[in-house]
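Notes for the one structure printed next.
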Amino acid sequence: MKNIEHDSGFHHIGHKLLDWYGKNARNLPFRNTKDPYKIWICEIVFQQTRITQGLNHYNNFIKRFPDVQTLATAEEDEVLLYWKGLGYYSRAINIHKAAQQIINEYHGVFPSEYEEILQLKGVGKYTAAAISSICFGAKLPAVDGNFYRVLSRIFADDFDVSTSQAFTYFSQLAHLILPENAGDFNQAMMDLGSEICKPKNPLCPECPLREDCLAFSLDRVSEFPVKKKKVKTVDLALKYYFVHRDGRFLIQQRKDDFIWKKLFEFPSEIPEELIPFIKSVKMISHKLTHKNLSIEIFNVEVDSAEVWEDFIGKNEYVITDFEGSHEKSFPKPLENYIQNYHTAYRFL
DNA sequence: AAGCCGGGGCA
DNA sequence: TGCCCAGGCTT
């Protein structure tokens, strides 16, 4: 390992971090509990998601699904509904499957061994280490993006964190400073990485580890972590038809093989039987851009009440209204569109 | 080993 | 606009 002369002598760093955590831990709803169910949910919710962004989702989720049994017996669509707007929707699908795994394979009792936890759908090495250390006392580092950032700065280590070997490499570095209480240590690293050792503009003067930080002493903090791989963005253009009459409209469910897995959306074609009865086809949203994504939504009002009533009685589409749409999970741009349209519709 | 999956916040 | 975030799955 670069910059490491020997493999001992760094454990005081871990203890110093624990002392800081004892006085500066964030007050969060999943702190002060070792319930593996709650820790599991929180770890999944906050994968690639900031605390401020996912906190309401976490609280609502726990309120509706307070235990494994409740989650396992719920409908998948309702689990997705509680994930609405969070992104990475395979997390919701996997969390539901994993709950059923726990019921079927462990009689509803959350497994306590790292290797068992790792077998749960949607649980990888980070999450398994986090749950087993926080809830069951395993002495394992939960290596995530915070570990990459904090450790690369402490040791001024230029190992490329965007490679697939980064996890193994920084796990070894983590063991150099890992104290007995790995559960608190892992949560302390989260708080330090979030509050002090931030990606941009880190608060080094307030850092409890500044005397141990090689990058700080070299005034090279901004050089770490090293990430060579750039994020690739692709353009995606979508076209939807808002086919409606009398406050009801057509939706359908997406597949699970692409973006927005199993979420609901408007049809991308006008149903052939309705084409002769269209009053207006007007473009509503002028390229509602969302990142590299552009969406066009065409307003299609069906002219004949008779044909409409007949159509919604027998076809593959799901028919809903503005109230019913609250029961479905839509991609965020469409969610915003429905809300806005509803507001406008009420004043027509 | 590399690509892909959301959405929000920030400089 | 590009980067980042309590990562994991698929190919």
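Just so it is clear: chains get the letters A, B, ... in the order the sequence lines come, proteins before strands, and each one is counted from 1.
In this structure, A/Lys227 does not reach the C/dC3 phosphate: none of its side-chain N or O atoms is under 4.0 Å from OP1 or OP2. Taking side-chain N and O atoms only, A/Gln48 has no distance below 4.0 Å to OP1 or OP2 of C/dA6. In this structure, A/Lys232 reaches the B/dC4 phosphate: one of its side-chain N or O atoms is under 4.0 Å from OP1 or OP2. OP1 or OP2 of B/dC10 has not a single side-chain nitrogen or oxygen of A/Arg50 nearer than 4.0 Å.
Between A/Glu309 and A/Arg248 there is a salt bridge, with a side-chain nitrogen of the basic residue lying less than 4.0 Å from a carboxylate oxygen of the acidic one.
The number of heavy atoms from other shown groups lying within 6.0 Å of CD (A/Glu316) is above 12.
Here, C/dC3 and B/dG6 have their C1' atoms 15 Å apart, quoted to the whole Å. Between C/dT10 and B/dG7, the distance separating the two C1' atoms is 22 Å to the nearest Å. Atom name P, nucleotides C/dG8 and B/dG8: the rounded distance is 22 Å, in whole Å. Atom P of C/dA6 sits at a distance of 24 Å from the matching atom of B/dG3, rounded to the whole Å.
Within residues 83-93 of chain A, the residues having any heavy atom closer than 4.0 Å to DNA chain B are, in order of number, A/Gly85, A/Leu86, A/Gly87, A/Tyr88, A/Tyr89.
The CH2-C1' distance, from A/Trp40 to C/dG8, rounds to 14 Å in whole Å. For A/Asn56 and B/dG7, the CG to P distance is 17 Å, given to the nearest whole Å. The interatomic distance linking A/Leu55 (CG) with B/dG8 (C1') rounds to 15 Å, in whole Å. Between the CD atom of A/Glu195 and the P atom of C/dC4 there is a distance of 19 Å, given to the nearest Å. Rounding to whole angstrom units, NZ of residue A/Lys332 and P of B/dG8 are separated by 5 Å. Rounded to whole angstrom, the span from the CZ atom of A/Phe224 across to the P atom of C/dC3 amounts to 19 Å. The separation between A/Ile117 atom CD1 and C/dG8 atom P is 12 Å, rounded to whole Å. For A/Leu80 and B/dC5, the CG to P distance is 17 Å, given to the nearest whole Å.
Heavy atoms of A/Arg254 sit nowhere under 4.0 angstrom from any nucleic acid atom. Counting non-hydrogen atoms under 4.0 angstrom, A/Gln165 reaches the backbone sugars and phosphates but no base. Using a 4.0 Å heavy-atom criterion, one finds that A/Val45 contacts no nucleic acid atom at all. Within 4.0 Å (heavy atoms only), A/Lys291 reaches at least one base atom of the nucleic acid. Residue A/Thr127 is classed as a sugar-phosphate contact, given heavy-atom separations below 4.0 Å to backbone atoms only. Residue A/Lys200 is in base contact, counting any heavy-atom pair closer than 4.0 Å across all strands shown. Contacts of A/Asn201 with the nucleic acid, taken as non-hydrogen atoms under 4.0 Å apart, involve only primed sugar atoms and P, OP1 or OP2. Residue contacts shown for A/Arg149 are limited to sugar-phosphate atoms, with no base heavy atom under 4.0 Å away.
In summary, of the residues considered (A/Tyr317, A/Phe298, A/Tyr337, A/Tyr341), a ring-ring contact (aromatic ring centres under 6.0 Å, His included) with A/Phe266 occurs for A/Tyr337 alone.
One finds the CG atom of A/Leu334 at 11.0 Å from the OG atom of A/Ser325 (value rounded to the nearest 0.5 Å).
Picking from C/dC5, C/dA6, B/dC5 the nucleotide with the shortest atom distance to the side chain of A/Ser194 gives C/dA6. The side chain of A/Phe258 sits closest to B/dC5 out of C/dG7, B/dC5, C/dA6. Here B/dG3 is the nucleotide among B/dG8, C/dC3, B/dG3 with the atom lying nearest to any side-chain atom of A/Lys229. Candidate nucleotides B/dC5, B/dG7, C/dG8 were compared by shortest atom distance to the side chain of A/Tyr126, and C/dG8 ranks first.
Judged by closest nucleotide on DNA chain B, A/Ser164 is the one of A/Ser164 and A/Val234 placed further toward the 5' end. Across the interface with DNA chain B, nearest-nucleotide mapping of A/Thr163 and A/Ile259 shows A/Thr163 to be the residue nearer the 5′ end. Nearest-nucleotide positions on DNA chain C for A/Pro199 and A/Gly145 put A/Pro199 closer to the 5' end. Summary of the strand contacts: A/Leu120 and A/Gln53 both lie near DNA chain C, and taking for each the nucleotide with the nearest heavy atom, the more 5' one is attributed to A/Gln53.
Between A/Tyr148 and A/Lys227 there is no side-chain heavy-atom pair separated by less than 4.5 Å.
A/Phe322 and A/Phe249 have tilted rings, their planes meeting at an angle from 30° to 60° on a 0 to 90° scale. Between A/Phe110 and A/Phe136, the ring planes lie parallel to each other; the angle is under 30°, not in the 30° to 60° tilted range. Ring geometry for A/His244 versus A/Phe242: interplanar angle of 30 to 60°, hence tilted.
The base of B/dG6 lies close enough to the side chain of A/Thr49 for a donor and an acceptor atom to sit less than 3.5 Å apart.
Side chains of A/Asp77 and A/Gln253: a donor-acceptor N/O pair is present below 3.5 angstrom, by distance only. Side-chain atoms of A/Thr70 and A/Asp67 form a donor-acceptor pair, as typed in the model, at a separation below 3.5 Å.
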